[in-house]
There are 2 protein chains.
Amino acid sequence: MARSARATITQVARTAGVSLSTVSRVMNGNPTVDAALAERVREVAAELGYSANPLARSLVLGRTQTVAVVIPDLANPTFQSILRGLSRAASDDGFHVLIADTAEQVAEEATLATATRRRTDGVILCAPRMPADDLAALLPSLSPVVVVNRPPQEATPTVAADYRVGMAQLVQHVYDLGHRRVAYLAGVVGSASGAARRSALDEALTAHPDLEIIEIASGVDFDSGAGSADAVMAADVTAVLAFNDLVAMGLLSAVGDRGIRVPEDLSIAGFDDIPFARYTTPPLTTAAVPGLELGQEAWQAMSALLEGRDAATSTVRDPALVVRGSTGPRPS
Amino acid sequence: MARSARATITQVARTAGVSLSTVSRVMNGNPTVDAALAERVREVAAELGYSANPLARSLVLGRTQTVAVVIPDLANPTFQSILRGLSRAASDDGFHVLIADTAEQVAEEATLATATRRRTDGVILCAPRMPADDLAALLPSLSPVVVVNRPPQEATPTVAADYRVGMAQLVQHVYDLGHRRVAYLAGVVGSASGAARRSALDEALTAHPDLEIIEIASGVDFDSGAGSADAVMAADVTAVLAFNDLVAMGLLSAVGDRGIRVPEDLSIAGFDDIPFARYTTPPLTTAAVPGLELGQEAWQAMSALLEGRDAATSTVRDPALVVRGSTGPRPS
DNA sequence: CTGTTAGCGCATTCAG
DNA sequence: CTGAATGCGCTAACAG
């Protein structure tokens with residue numbers, strides 16, 4: 001008969017006529033308790049609806065069974081899937097997840113991470129735009145910590161998609177389709193994955209002297225993509241590589257309004273393979289970032305840290321090129 | 001100079017040459033401390049990088065500054081926006097958010113809610129499919145709790161969108177466009193919002209004797225929508241009201257593949273107005289559920305409970321009809 | 001096998 | 001105004 005006021009271990013001990021320790025032992029499955037006694041305690045506990053106060057437990061044990069996830073934007077589909085993968089995996093291991101949405105406030109990421117870390121056993125940090133130096137300085141104080149989508153770090157596990165490989169596949173894809181003058185919607189500056197994308201572009205330019213890439217500034221969302229339409233048209237390209245799927249979809253929509261046919265007149269590719277990418281018209285060619293897997297692996301890494309297993313591993317997954325209808329041969 | 005091992009209040013007290021209580025008072029802004037002394041304590045605290053252990057604080061104060069959000073599926077865009085609105089609002093008030101994704105396991109919702117409740121100050125419960133009786137039985141033990149997207153409850157605040165109103169607007173919309181034989185992709189059974197949608201449909205049937213509604217079973221996601229295409233075609237209707245935007249988008253995609261033109265041959269409407277709804281081809285007519293606002297209001301309600309202000313209010317928001325390109329006049 | 005003691009880190013009486 | 005106790009609820013030595 002659970003009442004609103006939770007029973008404490010003291011009450012259980014009292015009504016069962018035993019000491020605190022005995023109750024504690026029984027509740028924690030300590031086998032050094034007389035079977036009959038244990039049974040009686042269990043009955044009383046059940047009757048009173050008792051279960052240990054996790055807070056008190058955390059304080060004495062020094063662990064909370066909770067990890068924090070710091071993400072820049074809960075609205076970003078990529079982080080959503082990472083969060084989901086992580087949440088499920090952690091939950092399967094009996095861990096809870098505290099979320100901290102930094103609302104893109106790069107300046108407050110460190111503070112937030114530190115604050116949430118104090119009430120958890122570790123933090124999974126997604127901070128794509130935090131300067132590398134700041135990150136390196138922050139990590140030690142956060143330990144145990146695993147970093148998502150950043151280059152391998154000194155002494156902290158890292159889980160990341162290789163945005164360079166993904167972008168390389170996309171450039172090669174449009175190059176193979178005959179495109180030679182290609183626009184790149186560059187997204188926001190200062191992001192780690194942005195740098196990786198760009199390096200793939202640079203390599204492509206080296207590998208293919210007849211390739212031209214016109215870089216166009218943009219944001220990271222729909223509206224940015226739509227807003228880039230004029231610049232794209234002015235650039236006189238036959239293909240566009242967007243920073244991500246959102247940007248690509250915005251552009252797709254905006255050029256559609258202008259009567260441009262995709263992919264006949266213009267090829268457009270995104271990045272991420274968010275769930276909606278396959279439902280645009282035409283469906284979006286993109287590089288699939290395995291968010292769910294990244295989330296799971298981030299948890300694996302955290303779990304390993306928590307259990308004192310192998311320390312700083314850095315796992316990298318290659319995005320998979322997904323060719324759909326939004327890219328096609330260069331118009332003749 | 002913050003080190004990995006956090007300073008405790010005892011250490012601060014010792015190095016400042018004062019008692020625990022004094023440090024505690026200073027850290028909590030208690031003004032009954034000599035200014036000079038307080039300043040010295042603050043300096044030492046800063047030097048040692050001290051700040052109170054939230055766990056210990058929670059244990060003694062009886063509050064965690066954390067609330068739990070229980071949602072059925074982190075992948076569901078509607079809950080995503082609710083979560084986001086809630087998270088931002090709570091964060092602004094200095095509260096943390098623990099997420100519990102029940103992974104659509106209705107049977108475990110109660111357990112999970114109870115478990116997370118114990119380590120937080122309250123829970124925001126999104127459990128669209130939990131039987132009303134179970135819900136009513138569960139709520140008292142969760143208090144303080146606010147319920148999202150369910151009918152008003154006995155003694156717990158409720159924040160909800162009025163799915164009946166939204167659906168009523170959509171039916172009326174297609175009726176006004178001349179459609180008389182309409183399909184309804186019914187989503188999953190047993191959801192509270194599903195019942196609300198259906199009642200709107202019933203009312204429409206009563207109001208318009210010449211209206212026919214063909215109900216077709218479906219799920220709640222893209223694939224369900226796509227999978228319903230054959231059934232929709234067989235139903236020989238001129239308009240379809242989908243359970244939500246995801247279903248509508250799946251259907252849109254599938255009928256597109258079959259050469260059906262939307263809206264010339266078939267009108268399709270969704271529900272929710274998820275961010276992607278405006279970027280389908282054609283853009284989706286839908287009823288906009290204000291997820292962000294619902295999330296914020298859920299937090300307001302929780303905040304009120306936490307501060308002992310007004311108790312069981314139930315706020316309801318009407319979805320807004322958003323007419324885009326996926327619905328049009330009945331084909332002649 | 002069981003009970004008594006101490007203490008996790010802190011806020012808060014209560015004396016002085 | 002400040003310090004010395006008390007206890008939040010629990011687990012983990014430590015005795016018996």
Side-chain angles (χ1 to χ4, degrees), chain A residues 2-42 44-45 48-66 94 114-115 117-121, chain B residues 2-42 44-45 48-66 94 114-115 117-121:
Chain A
R3 287 183 321 283
S4 44
R6 301 285 314 192
T8 75
I9 195 172
T10 308
Q11 297 171 28
V12 176
R14 196 136 44 205
T15 88
V18 298
S19 73
L20 293 189
S21 352
T22 300
V23 177
S24 177
R25 288 182 185 111
V26 172
M27 298 311 289
N28 292 309
N30 187 324
T32 75
V33 178
D34 180 81
L37 225 192
E39 184 51 32
R40 188 148 58 83
V41 170
R42 260 189 289 273
V44 173
L48 268 51
Y50 170 79
S51 78
N53 180 329
L55 239 61
R57 228 158 166 275
S58 295
L59 183 59
V60 61
L61 291 178
R63 52 185 163 78
T64 60
Q65 296 288 107
T66 303
T114 305
R117 170 64 182 88
R118 296 217 59 196
R119 41 184 84 231
T120 57
D121 297 341
Chain B
R3 287 182 321 283
S4 46
R6 300 284 314 190
T8 75
I9 194 173
T10 308
Q11 297 172 26
V12 175
R14 196 136 44 205
T15 86
V18 298
S19 75
L20 295 189
S21 348
T22 300
V23 178
S24 177
R25 288 186 185 108
V26 173
M27 298 309 290
N28 291 308
N30 187 324
T32 74
V33 178
D34 180 83
L37 225 191
E39 184 51 34
R40 187 148 58 85
V41 170
R42 261 189 289 271
V44 173
L48 267 50
Y50 170 79
S51 79
N53 180 329
L55 239 60
R57 218 150 178 285
S58 294
L59 183 59
V60 61
L61 292 179
R63 51 184 162 78
T64 60
Q65 297 286 106
T66 303
T114 305
R117 170 64 182 86
R118 296 219 59 196
R119 42 185 82 231
T120 58
D121 296 340

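Predicted model, so just to flag it, every value in this text is computed and none were measured. Each chain gets a letter, A, B and so on, in the order its sequence line appears, and its residues count up from 1. Only heavy atoms go into these numbers, but all of them, side chains included; no hydrogens, no water, no symmetry mates.
- A residue-by-residue look at B:Thr32 and A:Arg57 shows that B:Thr32 has its nearest nucleotide of DNA chain D further toward the 5' end.
- Of the candidates B:Val41, B:Asn28, B:Thr8, B:Thr10, B:Val23 forms a side chain to side chain contact (heavy atoms under 4.5 Å, CB included) with just one, namely B:Val41.
- In the set C:dC10, D:dC10, C:dG3, C:dG3 carries the atom at the smallest distance from any side-chain atom of A:Ser19.
- Atom CG in A:Leu55 sits roughly 13 Å away from atom P in D:dT11 (whole-Å rounding).
- Computed from coordinates, the B:Arg40 CZ to D:dT2 C1' distance equals 12 Å when rounded to whole Å.
- Atom P of nucleotide C:dC8 and atom CZ of B:Arg6 are separated by 17 Å, given to the nearest angstrom.
- Comparing B:Ala35 and A:Ser51, the nucleotide of DNA chain D nearest to each residue sits closer to the 5' end for B:Ala35.
- If you measure from atom CE of B:Met27 to atom C1' of C:dG9, you get 13 Å, rounded to the nearest angstrom.
- The main-chain N or O of B:Ser51 is found under 3.5 Å from a side-chain atom of A:Arg118 such that the two form a donor-acceptor pair.
- Here CD of A:Gln11 is found 11.5 Å from CG of A:Leu20. Values are rounded to the nearest 0.5 Å.
- One can place CD1 of B:Ile9 at 12 Å from P of D:dG3, the figure rounded to the nearest angstrom.
- Residue A:Ala56 places its side chain closer to D:dG9 than to any other of C:dC10, D:dG9, C:dT2.
- In terms of heavy-atom proximity, A:Val26 sits nearest to A:Arg42 at CG1-NH1, 3.8 Å.
- In this structure, the CD atom of B:Gln65 is 16 Å from the P atom of C:dC10, given to the nearest Å.
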Nucleotide N/O of nucleotides 12-15 of chain C paired with protein N/O under 3.5 Å:
from, atom 1, to, atom 2, distance (Å)
C:dT12, O4, B:Ser21, OG, 3.4

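- Between B:Thr22 atom OG1 and B:Asn30 atom CG the span is 10.0 Å, to the nearest 0.5 Å.
- We find that CG of A:Leu59 is positioned 14 Å from C1' of D:dA12, with the value rounded to whole Å.
- Checking side-chain atoms of B:Arg14 against main-chain N and O of B:Gly17 turns up no donor-acceptor pair under 3.5 Å.
- A donor-acceptor pair under 3.5 Å is formed between the side chain of B:Arg6 and the backbone N or O of B:Gly49.
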